[in-house]
Structures are given as C-alpha cells and as structure tokens.
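This report refers to the structure that appears directly beneath it.
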Amino acid sequence: MKTEIIKVDAGNPDIEVIRYAAEILNSGGLVAFPTETVYGLGADVFNETAVRKVFEVKNRPVDNPLIVHVSDYQQLADLSVNFPEVGKALTKEFWPGPLTLVIKCSQKIPKIVTGGLDTVAVRMPLNKVTLELIKCLRKPIVGPSANLSGRPSPTSAEHVFEDLSGKIELILDAGNTKIGLESTVIDITTQPPLVLRDGGLTREEIEMVIGDLTTTNSLEYKKRSPGTRYRHYAPKAKLIIIPRRDRSQFNIAFEQYKKENKKIGCITYSFDVEEEKSVIVRKTVNDLEVIGRELFRLLRELDWENVDIILVEAVQEVGLGKAIMDRLRKASNS
Ligand code: TXA
Ligand code: MG
C-alpha cells in the first residue's frame, strides 16, 4: 500500500481534503490525523475490522485500549452511561483540549476498542482539521498515537511516515503539533478522580476546577490503566536521565561512555556541551512548554544520528514537568 501525505491548512482546512479523508475512514481505511498533542491514527470507531488494523499496524497489544475522539457532545452522550457532574465541569472548561476522560461506556462501542473494559477513554481534540474530519464522518474515531508501539509519539507527519509508511492509507499533514506530549488521562468513574497518565494539561489546572486528584501506583491502578504496563516512548538508543543542573553527574556519565567509544546524544538546557565527531548536542531552553513540545522530536532526531546513548537533563516535576519526567522514565525503563 502506498501511504499518501496531504498538507492541510490547520486554520482553514480544505473541505475537499476532509471529505476525501472521511471517505477513506468510512470505507474501513486508516488515516493519521493531527491534534494539539501528537498525531493520532484514526479509524471508524464502529468498524471492528478497521479498529483491529489499528492494533496490527502499530503492533499494539490488544489489551491496551484506544482513545475515542469526538467532535460534539451528542457523540459523547452516545458513548457514555451515567456521565458524572465532574465530567461536565471538566469538559466545559477544557474541551476541546488535551484532556482524556475515562468514563463508563455504553454497549454501542465494540469490545475491541476498550479491550473488553466497561469504561472508555474519550477526548475532543483542539484541532480544526480533525474536528472537521469527525464532523464530516459523523462518527467518532479511535486515535492512539500514530507511532509504532513503544516508540516516541509522532509530533509531525514525517514521524508518522517513518513508523507507518506502507501500512496506512493517508496522513493529514498540518505541521508540527503544539504541545508535543499526549493528553492527560483521568478516570472520573471514581471520586476523587484518578490520574492515569500525566500529559498536556497539568494537574494544577485540573485541580483548580474540580479540587484534588489522586494517583496510586497499586496493582489496581495498573489494571485500570493498561498502557502503564508497557515500555513506551523509547528511542532506539539507551536513555539516561541526568539530575537537573548537575554538571558533575553529567560529566561522570559522559566520560564513562566516551571511554567505551559510544556515540553520545545530549539534551540539556542548563549547561553547554561541546559537539564532537561522536557527540551530538541538542541544547534546549529552561521552559517546560518548549521541552514538552520538542522532546519526542529530539529523541527521534538523535536516533537518526545513530547515537548509542542519550543523556537527558531532568526537569522540575511541576506543571508539564510531571508529564515530561514520566515520558523520560518510561523511555529509560526506570
Ligand atoms: O494526546 C493523546 O491522547 C493522543 C492523541 C492522538 O489524541 N492519543 C494517545 O493515545 O496518546 P494512546 O493510545 O497512545 O494512549 C491512550 C492511553 C493509553 O495509556 C491507554 O492505556 C489509556 O489511554 N486508556 C485508553 N482507554 C482506557 C480505559 N478505558 N481505561 C484506562 N485507560 C485507558
Ligand atoms: Mg501512544
């Protein structure tokens, strides 16, 4: 299969392109779509064969359920049962946007979407191209990140092409994504709501609206958040986290890998590292939004340079820093 890439204007998408993409989805094909967080891999939520293909092309375990993307509240109502008050407050404040809600699901959703759970994860993405696409299809779409399972999520059409070319019909290219980290996932079937994945909307922002959230690392949590069981977001190189602003720790690791003749990639913001033949440097700035937006792209770029080791400077675990550190830990397998 040849994968087509079509550029779309994020602010003013061409309706002909949207119709074309909707037709592909309607006939059971797969279309990668832009969102404000990362690119997603879309299929018609009610087409089981198409949804099965999503798992196959991503090489994703079938017990790791998918997020359903909606463009209006009627679609949400059709997917849910007993939608709680807290959900209304959250959607009013944050949708469309980088917040995914896990809610009790209606019988209409095929089991393959939810991995057989009685809950479904839903979000309304903040991206005109994708909202128009769902509107035109008149059905919600499933949308896991459009990467191979275990790889960093794609923040550009080029990243999607790298992982899925030849396996899907179409990629809608609306440029780089704005947030660069996936949505925050919270389970609102319990009180207080449970954070299942930190992401592009900070806990602080959510707590301003609905009060305290909880997290737990218990087995129950792992059962409820199937995604947490698998290795994630990983570059091909081995990733090592260096404590923030700790130049001496950095030097120790750096010298050790140099002695072993490794090719080293560095992502830092508080200190400079000199580039050499076997040292590739990606200096960023001390700004969580910028680091969040660039992280997955930098990991892929360092893989393209064939580095053996990536040394990344940790960030402070507040605001978006929580999601960034979560991705780094998962990528480093620690
Ligand atoms: O920003 C995002 O959320 C992107 C864009 C494309 O929307 N999508 C995304 O999807 O990151 P994915 O499939 O890569 O991550 C979905 C996460 C997984 O960790 C999965 O386990 C969890 O949501 N999830 C899905 N359904 C769930 C459910 N019913 N209960 C608990 N966790 C669920
Ligand atoms: Mg993913």
Side-chain angles (χ1 to χ4, degrees), residues 30-43 45 51 54-55 57-71 79-80 94-106 109-127 129-131 133-134 140-155 159-160 163-164 171-172 174 177-190 193-201 220-234 292 296 323 326-327 330-331:
L30 307 189
V31 175
F33 60 87
T35 80
E36 77 282 33
T37 58
V38 300
Y39 275 73
L41 179 57
V45 69
V51 175
V54 167
F55 284 94
V57 303
K58 275 183 59 76
N59 202 9
R60 180 181 178 110
V62 286
D63 63 353
N64 189 6
L66 307 177
I67 296 178
V68 178
H69 293 67
V70 298
S71 63
L79 297 175
S80 62
F94 298 117
W95 278 14
L99 174 67
T100 296
L101 299 177
V102 171
I103 55 177
K104 288 271 177 240
C105 72
S106 77
I109 306 174
K111 286 273 173 257
I112 176 94
V113 173
T114 61
L117 299 172
D118 61 354
T119 55
V120 63
V122 189
R123 90 177 189 99
M124 190 185 285
L126 180 55
N127 184 290
V129 175
T130 296
L131 290 174
L133 175 63
I134 300 168
I141 57 178
V142 296
S145 48
N147 52 295
L148 287 175
S149 222
R151 299 273 300 140
S153 291
T155 59
H159 298 165
V160 180
D163 279 13
L164 301 178
I171 302 170
L172 292 174
T177 60
K178 290 209 173 70
I179 296 177
L181 300 164
E182 304 84 348
S183 62
T184 303
V185 181
I186 66 174
D187 182 337
I188 56 168
T189 64
T190 53
L194 181 65
V195 180
L196 297 180
R197 176 177 77 184
D198 283 294
L201 183 67
E220 175 61 17
Y221 165 73
K222 295 227 150 87
K223 212 163 60 197
R224 279 217 250 162
S225 186
T228 55
R229 284 199 292 265
Y230 303 102
R231 183 156 190 248
H232 264 316
Y233 318 111
F296 289 144
D326 167 73
R327 304 309 186 266
K330 288 188 175 132

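Remember, it's 1-based here, ligands and their atoms both numbered in the order they're listed.
For T114, the closest heavy-atom approach to ligand 1 does not fall below 4.0 Å.
Scored by the ring pair (Phe, Tyr, Trp, His ring centres under 6.0 Å) test, H69 finds F33 as partners (sequence neighbours excluded).
Heavy atoms from both the backbone and the side chain of T119 come within less than 4.0 Å of ligand 1. For K104, no heavy-atom contact with ligand 1 is shorter than 4.0 Å. Proximity of D187 to ligand 1, defined as any heavy-atom pair under 4.0 Å, is not found for any part of the residue.
Heavy-atom proximity to E182, at under 4.0 Å, picks out these atoms of ligand 1: 1 (O), 2 (C), 11 (O). Numbered from 1 in the order shown, with element, the atoms of ligand 1 that lie under 4.0 Å from a heavy atom of P144 read 10 (O), 12 (P), 13 (O). Close contacts between ligand 1 and V102 involve ligand atoms 30 (N), 31 (C) [criterion: under 4.0 Å to a heavy atom]. Counting atoms of ligand 1 from 1 in the listed order, those under 4.0 Å from a heavy atom of L117 are 28 (C), 29 (N), 30 (N). Per-residue contacts place N64 under 4.0 angstrom from the following atoms of ligand 1 (heavy atoms of the residue considered): 18 (C), 20 (C), 21 (O). Against a heavy-atom cut-off of under 4.0 Å, L196 is close to the following atoms of ligand 1: 31 (C), 32 (N). Against a heavy-atom cut-off of under 4.0 Å, I67 is close to the following atoms of ligand 1: 3 (O), 8 (N), 9 (C), 10 (O), 16 (C). If you number the atoms of ligand 1 from 1 as listed, the ones under 4.0 Å from a heavy atom of R123 come out as 1 (O), 2 (C), 3 (O), 5 (C), 7 (O).
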Quiz item: When you look at L101 and I186, which way does the side chain to side chain contact (heavy atoms under 4.5 Å, CB included) test go after all the steps?
Solution: CA-CA 5 Å; L101 299 177; I186 66 174; 3.8 Å; yes

Practice problem: May I have the step-by-step check of side chain to side chain contact (heavy atoms under 4.5 Å, CB included) for I134 and V70, ending in yes or no? | Solution: CA-CA 7 Å; I134 300 168; V70 298; 5.6 Å; no

Quiz item: Does the pair W95 and V122 meet the rule for a side chain to side chain contact (heavy atoms under 4.5 Å, CB included), with working shown?
Solution: CA-CA 11 Å; W95 278 14; V122 189; 3.9 Å; yes

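Closest approach of L117 to P65, counting heavy atoms only: CD1-CG, 4.0 Å. The nearest pair of heavy atoms linking S183 to T37 is N-CG2, 3.8 Å.
Considering backbone and side-chain N/O of T35, none are found under 3.5 Å from N/O of ligand 1. Of the N or O atoms in S145, one or more lie within a sub-3.5 Å distance of an N or O in ligand 1.
Side-chain N/O atoms of T35 and T130 include no donor and acceptor closer than 3.5 Å. No side-chain donor from either of R151 and S145 sits under 3.5 Å from a side-chain acceptor of the other.
Between the side chain of T184 and the backbone N or O of L99, no donor-acceptor pair lies under 3.5 Å. Counting only distance, with no hydrogens or angles, the side chain of D163 and the backbone of L148 share a donor-acceptor pair below 3.5 Å.
In this comparison of R197, H69, K58, the heavy atom closest to atom 17 (C) of ligand 1 sits on R197. Considering G199, G143, G40 only, the shortest heavy-atom separation from atom 8 (N) of ligand 1 involves G143.
Taking backbone and side chain together, S145 holds an N, O or S atom under 2.8 Å from the Mg ion (ligand 2).
Residue pairs meeting the salt bridge (Lys or Arg N to Asp or Glu O under 4.0 Å) criterion with at least one member in residues 118-127, sequence neighbours excluded, are E36-R123, K104-D118.
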